[in-house]
Amino acid sequence: MPVLVSLVLRRLLGALPSIAAVVVVTFVLTRALPGDPAAYFAGPAADAQSVEEIRRKLGLDKPLPVQFLAYLGDLAQGEMGTSLITGQPVSADILARLPASVELTLCGLALALAVSLPLGVAAATRPGSWVDHMARVISTAGVSLPVFFTGLLLVYIFYYLLGWAPAPMGRLDLFASAPTTITGFYLVDSLITGQFATFRAAAAQLVLPALTLGLFALAPLTRMTRASMLGVLGSDFIRTARAGGLSRGTVLVTYALRNALLPVVTTLGMVFSFLLGANVLVEKVFAWPGIGSYAIEALVASDYAPVQGFILTMAIMYVGLNLMIDILYGLIDPRVRIEA
Amino acid sequence: MMLLEIDNLSLNFRTRSGVVKALEDVSLSVGRGETLGVVGESGSGKSVLSFAVMGISDAAATVSQGAIRFEGLDLLKAGPSDLDELRGAEMAMIFQNPRTALNPIRPVGRQIADVLLRHAGVTRAQAQDKAVEMLARVRIPDPERRAKAYPFEMSGGMCQRVMIALALACSPKLLIADEPTTGLDVTTQAAIMDLVGELARESRMATLLITHDLGLAAERCDRIAVMHAGHVVEVAPTAELFARPRHPYTARLISTTPRPGASLAALEPIPGSLPDLRGELAPCRYSARCHLYQAECDAGPLPRQDDNGRMVACRRPA
Amino acid sequence: MRPLLDVVDLCRRFPVGKSQLHAVDMISLHVMPGEAVGLVGESGCGKSTLVRMLTRVLDPTEGSIRFDEREIGYIPAARFTRTPDRALIQMVFQDPTESLNPRFTAFDCIADPLRRLKGPWTTAGLKARVEDLAGMVGLPVELLGRFPHQLSGGQKARVGIARALGPEPRLLILDEPTSALDVSVQAVVLKLLDDLRRRLGVSYLFVSHDLNVVRLLCERVIVMYLGKVVESGPVEAVFATPRHPYTKALLSAIPSRGEEGGPRIRLSGEPRSPIDPSPQVCRFFGRCPLGADACQTEMPELREMGEGHRVACHTPMD
Amino acid sequence: MRYVLAENPVTAGAFVGFALLIALALFGPMIAPFDPLASDTDIALQPPSLAHWFGTDHLGRDILSRVIVAARLDMQIALAAVALSFVFGSLLGVLAGWYGGGIDRAIGRVVDTIMAFPLFVLAMGIVAALGNTVGNIIYATAIINLPFYARMARAETNARRDAGFVEAARLSGNSDARILAAQVFPNILPPMMVQVSLNLGYAILNAAGLSFIGLGVRPPTPEWGIMVAEGATYIVSGEWWIALFPGLVLMAAVFCFNLLGDGLRDIIDPRRRT
Amino acid sequence: QSRDETLLVVVESGTNSLDIHAVGANPASYGVVWNIYDRLLSYGTKTMPDGSLSYDHTNIKPELAESWKFTADDEITFYLRKDAKFHDGTPITAKDVKWSFDRMVAVGGFPTFQMKAGSLEKPEQFIAVDDHTFRVKLLRKDKLTVPDLGVPVPIVLNSELIKKHATEKDPWGLEWSKLNDAGGGAYKVESWKPGEQLVLARYDDWKSGPLPKLKKVVIRDVPSAGNRRALVERGDVDLSFDLPPKDSQELAKGGKVKVTGTPIENSLWYTGMGVKQPPFDNVKVRQAVAYALPYQKIMDAVVYGRAIPMFGGPATPTKAVWPQPSPYNTDMAKARKLLAEAGFPNGFETVIHINQGVASLSEPMATLVQESLGQIGIKATINKVPGANWRAAMLKKDMPLFIDTFAGWLNYPDYYFFWGYHGQNAVFNVMSYQNPEMDKLIDASRFETDAKKYEDQVKGFVKMAWDDVPRAPLFQYYLDAAMGKNVQGYTYWFHRAIDFRSISKK
Ligand SMILES: Nc1ncnc2c1ncn2[C@@H]1O[C@H](COP(=O)(O)OP(=O)(O)OP(=O)(O)O)[C@@H](O)[C@H]1O
Ligand SMILES: Nc1ncnc2c1ncn2[C@@H]1O[C@H](COP(=O)(O)OP(=O)(O)OP(=O)(O)O)[C@@H](O)[C@H]1O
Ligand SMILES: [Mg+2]
Ligand SMILES: [Mg+2]
């Protein structure tokens with residue numbers, strides 16, 4: 001579909017200045033971090049001299065513009081530098097950890113969608129009823145809880161008190177071995193390779209953190225579903241469909257929900273980017289080896305390269321995400337597709 | 001037996017600010033092949049009436065009395081599945097503002113096919129073919145291609161034609177047209193109305209034409225019912241209604257409408273506005289605006305049935 | 001007598017992607033002092049765009065607008081606000097609800113232009129003037145404290161008219177002032193407008209798509225089709241003997257009550273696109289029942305057909 | 001308004017809650033039963049009792065008093081941050097929506113750039129870079145919320161740019177600046193107010209999140225987020241009250257703001273006005 | 001593999017390098033290096049009074065070197081075991097040792113620094129005599145030289161293997177060894193996901209000691225302390241490290257798991273005062289602060305008894321050990337009096353700096369200190385310095401008041417004082433304390449061979465440290481590990497990492 005291709009190209013081109021700005025801002029921001037990586041990494045007993053030496057080694061003695069150019073040069077070659085805290089190339093770190101974060105976020109989102117869509121639809125079909133009130137209270141409660149608090153609470157109840165959930169220690173318990181890396185998503189990889197025990201283990205580990213994220217995402221999605229569903233249900237073409245004697249299911253799903261999904265998809269994009277932020281906290285609580293926890297550690301250690309790499313990755317993901325939403329939007333809404 | 005008989009229908013809406021008495025004691029009937037016009041100011045209950053007939057009233061609506069019989073079947077007592085069978089198949093409806101009345105993200109052919117699939121017992125392919133055929137029937141050029149188009153790709157007039165194709169897909173016996181041409185250009189409007197008339201004539205389909213355009217009603221209807229604030233105040237054959245309006249509201253409505261040849265001075269506005277349909281209402285809802293009002297009107301209007309099918313609900317008809 | 005408003009070759013194009021939408025294309029017209037001119041045409045033909053340029057809230061792409069001998073077309077809209085002519089051209093909007101700031105009371109709505117364009121005022125003086133205006137349009141003074149959503153459609157229309165009259169304009173432009181109103185309210189407003197014109201001697205440019213209404217109110221009428229003037233002339237002449245096939249179709253499409261009703265002109269086919277239209281082809285070509293070869297090769301110019309009656313057609317009707 | 005409140009007890013509750021929060025913020029230090037900073041290690045980690053309704057924390061400080069006193073700071077952070085982002089965000093948005101063209105694109109760029117950051121991480125970065133003072137937390141929160149106001153104000157302004165009443169105002173001789181200030185802005189205010197109340201909640205959550213990763217306000221200043229973060233380490237060992245009560249109050253506050261948003265929406269929805 | 005031969009360990013944060021010589025290798029790497037590499041020698045084990053095991057700094061025993069002796073006054077010769085092989089099967093030779101030693105004094109940074117502490121400074125000092133004989137030339141007679149060979153730094157790397165991966169820019173192959181196992185120790189790296197987990201597998205051909213019982217060790221990073229506690233408490237992991245004191249105390253009381261706590265040798269938590277920053281340049285002010293500190297509160301509410309109090313001792317030192325309780329105690333009256341004498345009857349304003357990296361301890365301490373100081377009129381605000389910035393802040397030496405800890409690997413008081421108090425002004429002398437008399441005593445004691453004289457010198461500088469109080473000692477912290485009851489053989493090591501070789505499960 002050439003329309004789609006040109007749309008994609010145009011969006012990507014349009015996003016370039018933002019990405020460039022992100023690169024600059026991130027660079028400046030990281031240099032403004034109070035930590036002195038040279039001093040940090042010079043080791044426990046370094047004197048001023050050896051700190052200077054490390055600084056030289058890290059290239060931090062050069063003026064900022066020079067450092068920036070060097071950084072750009074590296075970026076152009078696809079290099080994001082080396083993380084001092086993990087000792088790995090940042091790109092390798094991110095590649096290894098991104099699937100964990102994305103898998104978690106997607107699961108959280110899926111969970112939220114699985115609840116919020118029916119809930120929103122139910123609330124919209126019966127506005128003012130107890131379902132409606134319940135939807136409102138549940139979703140508001142979900143967004144009122146600080147994610148880390150929810151996470152801790154869930155761990156305390158389901159792991160510590162009840163013992164239903166596995167120990168909150170990352171993507172797999174200690175006995176399961178990671179599946180062969182194909183996509184990096186454990187759930188997918190284990191299914192592809194037929195390691196069902198691993199699948200079960202990975203799924204079990206995912207439940208609580210995904211729930212935590214899902215709870216957070218519930219509110220905006222439910223609200224948006226409800227509001228847009230209400231709007232659509234009140235619109236003329238639903239009346240037409242009913243007057244055409246179409247069955248209730250067809251009217252509700254094929255006619256109403258598909259239209260109502262448009263704003264929900266937009267919200268979905270925003271929620272996804274929110275969740276990527278919330279991930280930072282959730283990963284910390286659940287010892288999740290994703291890029292969020294990676295970023296915090298790097299930030300606290302003033303480890304420039306990973307912070308820059310992380311933010312750049314997120315910015316690119318954000319652009320990609322918006323692109324996907326646009327495409328999704330186009331798939332649902334012919335007006336966008338054709339007028340694009 | 002008439003095709004559609006509405007008997008003493010009263011309908012209320014429950015709202016946050018009280019009960020809206022949208023219809024009271026409405027009685028109308030439509031025979032096969034007949035076109036009945038329903039006219040009245042905005043808010044007089046025309047749409048509410050048509051929705052009630054189709055059984056697609058708002059959830060807040062309750063029918064407090066009366067019956068709607070379609071070929072003898074009481075629609076108000078029929079089960080939801082029976083109604084679904086009727087709707088779209090036996091009776092169909094076209095709406096005001098055709099653009100918004102079509103699903104914006106579904107190809108129009110599919111929308112017609114949806115209805116056919118539901119009622120006509122055909123396969124998907126057949127339904128699609130039939131949809132194209134219907135589009136051709138309503139004179140949409142290049143129907144094959146247009147079947148795949150979306151409403152936003154069509155002009156208002158074309159959308160209205162699609163609506164008609166959709167409504168007539170299953171050859172219903174009754175078509176309810178709720179202001180089918182408002183919002184369209186006069187030139188388009190005429191074309192659409194011609195089309196509806198033609199199709200109705202072809203299949204002896206009864207039409208309930210709802211409009212606030214007296215001129216349109218005059219031109220297209222066999223009989224006209226005038227509504228005011230939820231009441232049917234007068235029903236008469238078209239020519240007689242215009243020649244000899246008996247209800248004061250009808251008379252004023254006619255004389256307030258600009259028409260070719262008349263002068264500005266001849267326009268006689270109706271004083272006041274529709275009463276608030278919440279709370280207590282005078283038995284004759286027009287009494288507050290009526291220039292002929294007298295104390296006896298407070299006893300309520302007397303529906304007077306005339307031998308040649310005229311009805312007027314007034315104590316002091318002209 | 002010199003025209004109050006004299007417009008020559010006015011154009012407005014909107015960029016649509018890489019192309020240009022010719023909303024108003026080389027339009028010339030004039031309005032004499034104290035004259036009421038009607039502007040009719042189907043939806044989207046550029047009436048509002050034209051009118052917005054004339055009221056100087058939109059900048060023309062090309063052409064000249066002379067008001068009372070002064071060229072005002074080149075003054076940017078943002079700057080025109082500060083010229084003395086601002087007060088002299090005022091406008092009444094199509095939708096009375098949308099054109100009133102929902103957070104202003106009726107009083108504020110009427111007082112705003114007075115404060116900006118007239119004055120200085122004392123509080124009492126302003127109040128007196130506003131009440132005076134309200135009285136002029138028949139708006140009860142006690143309604144002045146209300147917000148738009150607390151007023152009925154007719155009342156809102158009156159606020160809009162009072163607002164436009166406040167600065168004592170010499171030219172009042174009315175963009176479909178009654179199309180959102182019920183017939184009974186429409187009648188009231190039309191009478192009011194006519195009455196005001198007679199009393200204040202203001203010139204009107206009255207935009208509408210309802211020919212009956214134009215005929216009631218105006219002395220001269222201009223018919224537009226797709227950004228172009230196709231016919232203009234005295235109301236009587238145009239209505240009696242429309243020369244352009246479009247005007248003819250328009251007139252014949254008016255629902256008549258079977259009283260007169262000459263042969264109906266059916267328009268078939270789809271309107272041409274206003275985007276980058278060919279300058280050689282008549283805009284009406286394709287829908288025109290008379291379409292000739294010349295219509296495809298040469299754009300018809302406006303030609304004088306009789307006293308002030310001009311038409312742009314190669315094959316004018318009689 | 002009274003009507004909506006009577007109709008909707010939940011909204012009424014939210015209003016009461018909001019008033020309560022304001023009262024706590026104003027008079028908190030006066031009504032707190034104990035000095036929120038006074039430690040007493042003899043009574044550290046005591047569960048809720050009659051003397052200490054919410055129990056005591058690891059340094060023996062009264063949690064109830066800390067929760068009460070924290071209201072002021074949390075409200076300050078939330079209100080200041082939201083006020084900042086509201087003012088600048090809506091200013092940018094209104095300008096972008098009104099003038100369109102180059103200005104719109106430029107402002108859109110800025111907003112897109114902010115949005116392209118994972119917002120919480122941006123806040124982290126700002127606070128980490130500038131230092132964890134209350135001021136910086138407020139700025140960081142304001143910056144990450146700014147795009148929402150800017151976008152909303154832009155959309156709302158854009159929708160009204162060609163509205164009849166705006167054109168009418170121009171005909172009435174109003175200058176652009178005047179139209180923006182007197183006609184457009186008051187009209188976009190109501191939907192923005194809903195956003196404000198929702199954002200108040202997010203601002204508190206954001207501050208709490210920063211506290212959780214150690215970038216919150218300085219100890220021993222009581223702040224709900226910090227209290228939850230501190231208490232988090234005690235959950236597993238069974239001292240649930242340390243995190244729970246501040247967590248509940250935090251949640252109640254955010255809950256209240258969110259419901260308030262819903263309520264405001266009802267109140268300003270013209271269709272609900274009588 | 002049976003569960004009995006696998007040890008599951010959770011730590012707060014895992015290693016970032018498999019090579020301690022690499023730039024930025026973090027403390028967790030000490031433990032990895034300890035287990036996957038051999039050194040020439042190591043320390044024996046002793047049983048503590050409470051029955052737990054600890055390394056014995058007085059008992060140096062062979063590891064890769066079967067034996068060693070002073071072959072001259074300035075020369076030690078090491079005789080390597082002949083059967084030792086690296087993980088890739090190549091035999092370990094003196095050439096590897098020489099290369100490894102050259103490397104650590106050449107790469108700079110921490111390894112070089114640590115070796116300097118044992119007067120091991122130049123490549124010329126190291127000689128590979130033959131395949132299994134290695135000689136170290138001494139620059140000076142230093143009692144720390146031999147002990148320093150038992151710290152995690154002087155590991156023996158597979159030189160041939162690494163050289164294959166060395167580049168011009170990186171002649172010592174640090175980039176490669178950082179990510180890869182080049183050792184010959186008891187364990188080899190089976191898999192490593194930085195930031196997630198490290199799996200060690202037993203090297204069955206290990207010859208430098210008795211073959212470890214555990215076949216596999218899984219070390220998982222779990223940042224949340226509560227989770228680490230819950231995991232060990234529920235028996236899901238065998239050993240939980242880096243536990244906060246409160247959890248240790250409660251787990252010990254709870255009885256479900258075994259908690260081993262050993263006071264960290266030669267370490268001290270203290271409140272430091274920048275003696276160059278007025279008003280802390282006034283010794284009376286410093287003493288006032290030392291008397292105003294809420295010592296007992298800190299013991300109770302911050303470390304929950306998982307530490308040895310370092311206050312309320314006799315006025316003069318009785319033993320030549322470090323740390324030992326100082327004579328200070330909480331005495332507000334005295335504090336106020338001293339402050340008034342110093343000319344600050346109404347107190348002053350100042351800032352307490354703490355390291356956010358250890359906030360779980362330093363923050364409550366700072367809060368209590370702040371409150372306590374408030375009572376004598378010193379209004380302090382708390383400034384949390386991000387962990388990354390702490391070292392830079394220490395280097396700057398401009399913090400007026402701060403709470404920190406310092407520990408020395410080698411358990412000698414003079415070692416501690418040399419870094420922490422000496423006027424050479426090393427990083428760890430954060431207070432910028434300079435006292436020529438103390439410097440003299442410290443310098444003398446470092447190379448003192450006479451036990452009696454050494455004792456006097458130590459007591460002398462300890463007394464000075466008390467009187468001048470540039471840092472007010474608080475407590476000596478425990479290193480706590482919680483483990484399942486079936487875990488045997490856990491041993492405390494000065495480097496505060498776990499030696500898996502001695503551990504078994506029952
Ligand atoms: N869902 C509803 N709830 C409450 N009142 C309603 C509802 N639907 C319609 N009404 C009221 O019923 C009355 C009749 O409305 P209806 O839509 O039938 O008028 P109409 O004659 O179709 O007007 P128009 O010409 O504007 O379409 C009005 O007063 C309207 O306010
Ligand atoms: N700002 C704009 N940008 C692009 N196209 C515009 C703009 N304003 C108007 N148009 C286009 O210009 C043409 C004329 O529009 P205009 O509103 O003037 O028509 P109109 O005759 O007033 O129609 P109506 O009777 O529906 O009010 C239409 O095709 C419209 O889509
Ligand atoms: Mg209607
Ligand atoms: Mg218009």
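Convention: sequence-line order gives letters A, B, ...; per-chain numbering from 1.
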Side-chain heavy-atom pair Leu145(A), Phe255(D) within 4.5 angstrom cut-off: no

Heavy-atom closest contact (Ala21(A) atom, Thr113(D) atom, distance): CB-CG2, 3.4 Å

With a 4.5 Å limit on heavy-atom distance, are the side chains of Met251(D) and Phe149(A) in contact? no

Angle class for the Phe274(A)/Tyr202(D) ring planes (parallel below 30°, perpendicular above 60°, tilted otherwise)? tilted

Of all the heavy-atom pairs spanning Leu250(D) and Pro146(A), show the shortest one and how long it is. CD2-CG, 3.1 Å

Pairwise side-chain contact, Phe120(D) with Leu276(A), heavy-atom cut-off 4.5 Å (strictly under): no

Answer whether the closest heavy-atom distance between the side chains of Val228(D) and Phe148(A) falls below 4.5 Å. yes

Distance from Leu215(D) atom CG to Ile296(A) atom CD1, nearest 0.5 Å? 8.5 Å

Contact origin within Val22(A) toward chain D - heavy atom pairs under 4.5 Å: both

Under 4.5 Å from a heavy atom of chain A, the part of Leu244(D) involved: both

Which bit of Leu259(D) comes within less than 4.5 Å of chain A, counting heavy atoms only: side chain, backbone, both or neither? both

To the nearest 0.5 Å, what is the distance between CD on Glu297(A) and CD1 on Ile213(D)? 12.0 Å

Under the side-chain contact (heavy atoms from CB on, under 4.5 Å) rule, what do Phe117(D) and Met314(A) come out as? Steps first, then yes or no, please. CA-CA 7 Å; Phe117(D) 284 94; Met314(A) 293 297 248; over 6 Å; no

Taking C-beta and beyond as the side chain, do Arg223(A) and Asn258(D) meet within less than 4.5 Å on heavy atoms? yes

Heavy-atom pair of closest approach, residues Leu281(A) and Gly209(D): CD2-O, 3.8 Å

Show your working on side-chain contact (heavy atoms from CB on, under 4.5 Å) between Trp240(D) and Leu153(A) and close with a plain yes or no. CA-CA 9 Å; Trp240(D) 46 268; Leu153(A) 218 60; over 6 Å; no

Between Thr30(A), Leu312(A), Val143(A), the one whose heavy-atom pairs under 4.5 Å with chain D are most numerous: Val143(A)

For Val137(A), is it the side chain, the backbone, both or neither that has a heavy atom under 4.5 Å from a heavy atom of chain D? both

Crowding at OH, Tyr139(D) (>12 non-hydrogen neighbours, <6.0 Å): no

List the atom of Leu205(D), the atom of Ser144(A), and the distance in Å for their closest heavy-atom pair. CD2-O, 3.7 Å

Could you look at Met317(A) and say if it's the side chain, the backbone, both or neither that has a heavy atom under 4.5 Å from chain D? neither

